[in-house]
Amino acid sequence: MPGQFETSRRSFLGLLAAGGGAAALQVPQAQAQMRATHARIVIIGAGAAGTALANRLVRRLEGAQITIIDPRVEHHYQPGLSLVAAGLKPARYVVSQTSDWLPDGVSLRAERVVAVDPVAQSVTTDAGAQLDYDFLVVAPGLILDHDAIDGFSLDMVGQNGIGALYGGPQCAARTWDAAARFVEEGGRAVFTRPATEMKCAGAPLKHSFLIDDLLRRAGNRGAAELAYIVPQTSLFGVPIVSEKVRMLFDDRGVNSIFQRTLTSVDADRKIATFRDQDGGLHDEAYDYLHVIPPQRAPDFVVQSGLSWADRWTDQGWVACDPATLRHNSYPNIWALGDVAGVPKGKTAASVKWQVPVVEDHLIAAIDGREGTATYDGYTSCPLITRIGRAMLVEFDYHNNLVPSFPGMIAPLEELWISWLMKEVALKATYNAMLRGMA
Amino acid sequence: MKELTLETLIAVFQEMFGAGLFWALVAAALLITAGWIYVLFRDRSLGMRQFLIAQLFMPLGAVLAVWFVMAMTDSRLSDIGGPVDLIVVLGIAGLGAVGGAILVYTTERLFFRKATPPA
C-alpha cells in the first residue's frame with residue numbers, strides 16, 4: 001500500500017528499540033473491498049490460527065457463513081507458559097476466553113470435531129451435528145500424548161520434582177512449584193523433549209536456561225547438575241543455532257545427552273527411563289524432571305484421511321503444500337498452525353505468517369482464481385538464555401537465518417532487547433494477531 | 001504483522017504497564033506537556049534560573065526512567081548484552097532526562113513563579 005508504514009515487523013521492533021517514533025505511525029487505512037458471497041466456511045479450532053483467520057475473513061467477506069468449532073472455553077497464550085513455569089508470570093497471564101476474541105458474524109460451536117468427510121464436504125461433531133462446508137480450514141492444534149510415557153500423568157505435575165509446562169496454565173504454575181523447590185534445594189535436573197515434531201522447539205531450551213539462571217541467582221548453582229536428554233542428534237533444528245546453544249550449554253555447565261527418548265517415569269524412586277536408538281534402556285536419577293510428551297494430530301485428522309500417507313505416519317499431520325498450506329488432495333481444505341504437515345514451525349510466529357497466506361488463497365478460491373501469497377516457513381523464537389536476555393532467532397524452511405534487523409539485532413547474540421520483545425511486546429503482538437490486526 | 005498501527009503500539013504499551021498505569025502515564029505526560037506549552041506562551045520567555053534548575057534534574061530523570069523500565073521488565077543493568085541494548089538504555093535515559101526537565105521547569109514556572117522571577 002503506497003505511503004503505508006510497511007514491513008512492520010521490522011518497523012515495529014525498530015520503534016520499540018528506539019523507544020518512540022509515534023510520528024511515523026499511521027491510522028490503518030480502509031480495508032480492501034468487501035466481497036459478497038454465500039460461501040460456507042468452517043474453521044476447526046479457535047486457537048491462535050483459527051481465531052486470527054476468522055477475524056480477517058469477516059473483514060473481507062460479506063454474507064459468508066463462517067462457523068468456528070472448538071470445545072475449549074479458555075484461550076491460552078501459549079508463548080507465555082515458559083514464563084509461568086519460571087515464576088515470572090502468574091497462570092492467569094496466559095488465560096483468556098475463547099469467545100472474547102471472536103468477531104460478530106462468526107458462529108462459535110463449542111463442540112469437538114469427530115470426523116471430516118472431505119468428499120461429501122461435511123464435518124461431524126461430538127454433539128451429532130453435521131456441518132456442510134464449501135471451504136474448510138483445519139486448525140485444531142495438536143494432542144499432547146502424555147499417556148505415551150509410562151507412569152506419567154498430568155496430576156503428578158508439581159509434586160516429587162516433576163514439571164510439564166506444556167500441559168497448560170495450571171500445569172505451568174505447578175511446574176514452577178516443583179522447579180522452585182529444586183532451585184532452593186539443588187540436586188539433579190533432567191530436561192527432556194519428545195521424538196515427535198513438537199510445539200516451539202525452543203521451549204525446553206528456555207526452561208533449562210531459566211532454571212540455570214534461577215539457581216545462580218539463588219546462589220545454588222554449585223549444588224545442582226543439569227542434564228538435557230533428548231532423542232535428537234542436536235540441540236536445535238537449525239544447525240547454526242544448535243551450535244550456538246551448544247556453546248551456551250558448555251558455558252552454563254548443562255550436559256547434553258542425545259538419542260535418548262523418555263519412555264517412563266518412576267515418581268516414587270525419582271527415576272526417569274530413556275530408550276536409546278538400539279532399544280537399550282537407561283535409568284536417570286532426578287530431583288527435578290521436565291517432561292514434554294510426544295505430540296500428534298487429533299484422531300479425526302488421521303481417521304478422515306487428511307494426513308500424510310508417507311510422512312510422519314505415527315503423528316498424522318495434515319498433508320498440505322508447505323508454501324500455500326492447501327491440502328494435497330482436496331483443494332478446498334487448508335491446514336493452519338500446529339496440525340499442518342510442514343517441515344518447521346509449530347509456533348504462534350508461524351501462525352502469524354501462515355494466516356494471511358490461507359486468507360489469500362481462500363478468498364481467491366471464492367473468486368474462482370488462484371491465490372498468490374506463499375509461506376516460506378518463517379518462524380521466530382525469542383530464545384531466553386537467562387532472565388533479562390534472549391536471542392531473537394528467526395529462520396525459515398531452509399534453515400536460513402532471516403533476521404529482521406541484520407546488523408542491528410544479531411540473531412545469535414544474547415540481548416536485553418530480545419528479552420524485552422519476549423516479555424513485554426510479544427503478548428500484545430499476539431493479541432493484535434488474534435484480532436486480525438497484525 | 002503486516003502493518004504497524006497506532007492501535008497496535010498502544011496495545012503493546014498497555015500490555016507492558018497494565019491499562020490503568022499506561023493511561024495514567026499518558027495523561028500525566030499530556031498534562032505536563034500542556035502545562036509546559038502554556039507557561040512558554042504565557043511568559044514569552046525562558047526563565048533561565050528555572051531552566052538551570054530543571055537541567056540539574058535531568059540526571060535524576062534519566063536514572064528514574066531506566067530504573068522504571070528495568071523494574072517493569074524483570075531486568076538488570078547487567079543484562080545489557082550489546083550495542084543495541086546500550087542504545088535502548090540511552091534512549092530511555094534521554095527521554096527520562098528531557099521529560100524530567102520539562103516536568104521540573106513547568107512545575108517551577110506554574111507554582112513558584114513569584115519566588116523566582118525570570119532572569
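Proteins get letters first, then strands, A, B, ... in listed order; numbering begins at 1 in each.
- Atom OH of A:Tyr77 has more than 12 heavy atoms from other residues, nucleotides or ligands within 6.0 Å.
- For B:Tyr38, the OH atom is loosely surrounded, since the number of other residues' heavy atoms within 6.0 Å does not exceed 12.
- Under the 4.5 Å side-chain criterion, counting only non-hydrogen atoms from C-beta, B:Thr73 is in contact with A:Trp416.
- Among B:Leu90, B:Ile80, B:Asp79, B:Val69, the residue with the largest count of heavy-atom pairs under 4.5 Å with chain A is B:Asp79.
- Between B:Ser78 and A:Arg389, the closest side-chain pair of non-hydrogen atoms is not below 4.5 Å.
- Of the inter-residue distances, the one linking B:Asp85 atom CG with A:Leu415 atom CG reads 5.0 Å to the nearest 0.5 angstrom.
- In this structure, the side chains of A:Met408 and B:Ile87 stay at 4.5 Å or more apart for every pair of heavy atoms.
- In this structure, B:Ser75 and A:Gly388 approach most closely via the heavy-atom pair OG-CA, 4.4 Å.
- Between the CE atom of B:Met72 and the CG atom of A:Leu420 there is a distance of 13.0 Å, given to the nearest 0.5 Å.
- Other residues, nucleotides and ligands contribute at most 12 non-hydrogen atoms within 6.0 Å of the CD1 atom of A:Ile240.
- Under a 3.5 Å cut-off, the side chain of B:Arg76 and the backbone N or O of A:Ile387 do not form any donor-acceptor pair.
- Contact of A:Glu413 with chain B is made through the side chain alone, with heavy-atom distances under 4.5 Å.
- Taking CG of A:Leu83 as the reference point, atom CG of B:Asp74 lies at 8.5 Å (rounded to 0.5 Å).
- Only the side chain of A:Arg386 comes within less than 4.5 Å of a heavy atom in chain B; its backbone stays farther off.
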